[in-house]
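Here is the structure we will look at, set down as structure tokens.
Residue indices begin at 1 and follow the sequence shown.
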Amino acid sequence: MVCGGFTCSKNALCSLNVVYMLVGLLLIGVAAWGKGFGLVSSIHIIGGVIAVGVFLLLIAIVGLIGAIHHHQVMLFFYMVILFIVFLFQFGISCSCLAMNRGQQEVLLKSAWGMLDDKTKTDLESQLNCCGLHNVTNSTATDVPKLDKNQQSCSAPCAKQKPYDCVTCVERMLNHATEALKILGGVGLFFSFTEILGVWLAVRYRNQKDPRANPSAFL
């Protein structure tokens, strides 16, 4: 059987969905590992990562079953959902790669406001910073003018005398550009694997199974 035929398309689609299943399981495992070791305490972050992993796992299972059985309906829904995911992921990846420093700061402010106090405390301890912003250019003798998150800061730098903590937005912006490039690049790569999956599903769906009844309608 030459490559590009029925068997080749079936094997390629099955292999791609096995990879998606492994990535989904990896996301679920990483989220559980981070929660178990206390690296991330926010239930929203953990829940979001697990939800993405479960969604990817379910889509991969649908695609795998559809490919094995050459199921027309399952393959149709698989390629439609995967194409929608591709559109969203491609747009988000391009946005990450094109985001400038000012836009990064606005995004960090929005994300910080949605975090609970426990997650903010964890970030301050891990990044060794206090609060998102200073209300004023505060000094060691001007602590009351710090924002409420800095007043209760648990970072190691807050216990030093004199007070020598940087704001968390300053610390995060130092790594935000690199992180966004990595996220954008990885997301862009996976978005092209998704459009490959759509193309394989369309191609495979329109092929006849050589072992089936030649007079059967696909």
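Within the model, atoms CH2 of Trp199 and CG of Leu13 stand 11.0 Å from one another, a figure rounded to the nearest 0.5 Å. Atoms OG and CG, on Ser191 and Leu196 in that order, are 11.5 Å from each other to the nearest 0.5 Å. If you take CG on Leu56 and CG on Leu26, they are separated by 10.5 Å, rounding to the nearest 0.5 Å.
For Thr193, the side-chain hydrogen bond (donor to acceptor under 3.5 Å, both in side chains) partners are Tyr20, not counting sequence neighbours.
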Exercise. Do Leu58 and Val62 pass the side-chain contact (heavy atoms from CB on, under 4.5 Å) test, and can you show the C-alpha distance, the side-chain angles, and the key distance before you say yes or no?
Worked result: CA-CA 6 Å; Leu58 291 176; Val62 171; 5.6 Å; no
Let me have the donor-acceptor pairs involving side chains of residues 78-96, under 3.5 Å, with sequence neighbours excluded, atom names and distances please.
unit_1, atom_1, unit_2, atom_2, d
Tyr78, OH, Asn17, OD1, 2.9
Tyr78, OH, Asn17, ND2, 3.4
Gln89, NE2, Gly187, O, 2.9
Ser93, OG, Gln89, O, 2.8
Ser93, OG, Leu188, N, 3.3
Ser95, OG, Gly91, O, 2.9

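In this structure, Met21 and Leu64 approach most closely via the heavy-atom pair SD-CD2, 3.8 Å. Shortest non-hydrogen contact noted between Lys10 and Ile68 is NZ-O, 3.5 Å.
Remark: side-chain polar atoms of His70 are paired, donor with acceptor, to backbone N or O of Tyr204 under 3.5 angstrom. A donor-acceptor contact shorter than 3.5 Å is absent between the side chain of Arg205 and the backbone of Leu75.
Pairs of residues two or more places apart, or lying in two chains, never qualify as side chain to side chain donor-acceptor pair (under 3.5 Å) while including a residue from residues 59-68.
Using a 4.5 Å heavy-atom threshold, the side chains of Ile65 and Met74 count as touching.
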